[in-house]
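Worksheet: one structure, shown below.
Below, each value reflects all heavy atoms present in this structure, side chains not excepted, and no hydrogens, waters or symmetry copies.
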Amino acid sequence: QEVRDVLIGGKAVGLTNREFELISYLAQNSGRVLSRDALFEKVWGYDIDFNSNSLDVYMYRIRKKIEPDPDNPRYLHTLRGYGYKFQYV
C-alpha cells in the first residue's frame, strides 16, 4: 500500500489527497517554476477557470502544514502572476 503523506521532523503532517498530489508534483520538479495551468492540468486533470482561487487556498493550507514560518516560506514559493516552485533547501 502506497503511503501518501509528507514527514516533517519525522512526523506525518496529514495532507489531503489533493494537497499530497500538489506537493508531490512540485517536489518531483524541485527548483523548477510550474505554472498555475500546468498544476491544474496535472493535479485536477483539466484546465479550469483561473479566476478561481482554489489553487491559492490549497497552497496556503500546504504551507501551514509544512513551513516552519508560513508567512516567510522556505520551501513553497509563489511567483506572483505565474505559478509556484518547491525548493528543498
Do Leu22 and Leu55 pass the side-chain contact (heavy atoms from CB on, under 4.5 Å) test, and can you show the C-alpha distance, the side-chain angles, and the key distance before you say yes or no? CA-CA 9 Å; Leu22 280 165; Leu55 182 59; 3.8 Å; yes

Would Arg36 and Asp56 count as a salt bridge (charged side-chain N to carboxylate O under 4.0 Å, His left out) here? Give the steps. CA-CA 9 Å; Arg36 294 173 60 84; Asp56 301 321; 2.8 Å; yes

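Annotation: side-chain contact (heavy atoms from CB on, under 4.5 Å) contacts of Val13 (sequence neighbours excluded): Asp5, Val6, Ile8, Leu15, Lys65, Ile66. Partners of Arg18 under the salt bridge (charged side-chain N to carboxylate O under 4.0 Å, His left out) rule, at least two apart in sequence or in another chain, are Glu21. Contacts of Ser30 classified as side-chain hydrogen bond (donor to acceptor under 3.5 Å, both in side chains), with partners at least two apart in sequence or in another chain: none. When the side-chain hydrogen bond (donor to acceptor under 3.5 Å, both in side chains) test is applied to Asn72, the partners found at least two apart in sequence or on another chain are Asp69. Evaluation of the side-chain contact (heavy atoms from CB on, under 4.5 Å) rule for Tyr25 yields Gln28, Asn29, Leu34, Leu39, Lys42 as partners, not counting sequence neighbours.
Heavy atoms only, all atoms of each residue included: Ile62 and Glu19 are closest at CD1-O, 3.6 Å. Pairing each heavy atom of Gly31 with each of Gln87, the nearest pair is CA-OE1, 3.2 Å.
Between Met59 and Tyr84, the closest side-chain pair of non-hydrogen atoms falls below 4.5 Å. Residues Arg32 and Lys85 fail the side-chain proximity criterion, which asks for heavy atoms closer than 4.5 Å. The side-chain heavy atoms of Tyr75 and Glu67, taken from C-beta on, include a pair separated by under 4.5 Å.
Note: Phe40 and Trp44 have tilted aromatic rings, judged against thresholds of 30 and 60 degrees for the angle between ring planes.
Neither side chain, Asp37 nor Tyr82, offers a donor N or O lying under 3.5 Å from an acceptor on the other.
Val57 belongs to no hydrophobic cluster, as no Ile, Leu, Val, Met, Phe, Trp or Tyr side chain comes under 4.5 Å of its own.
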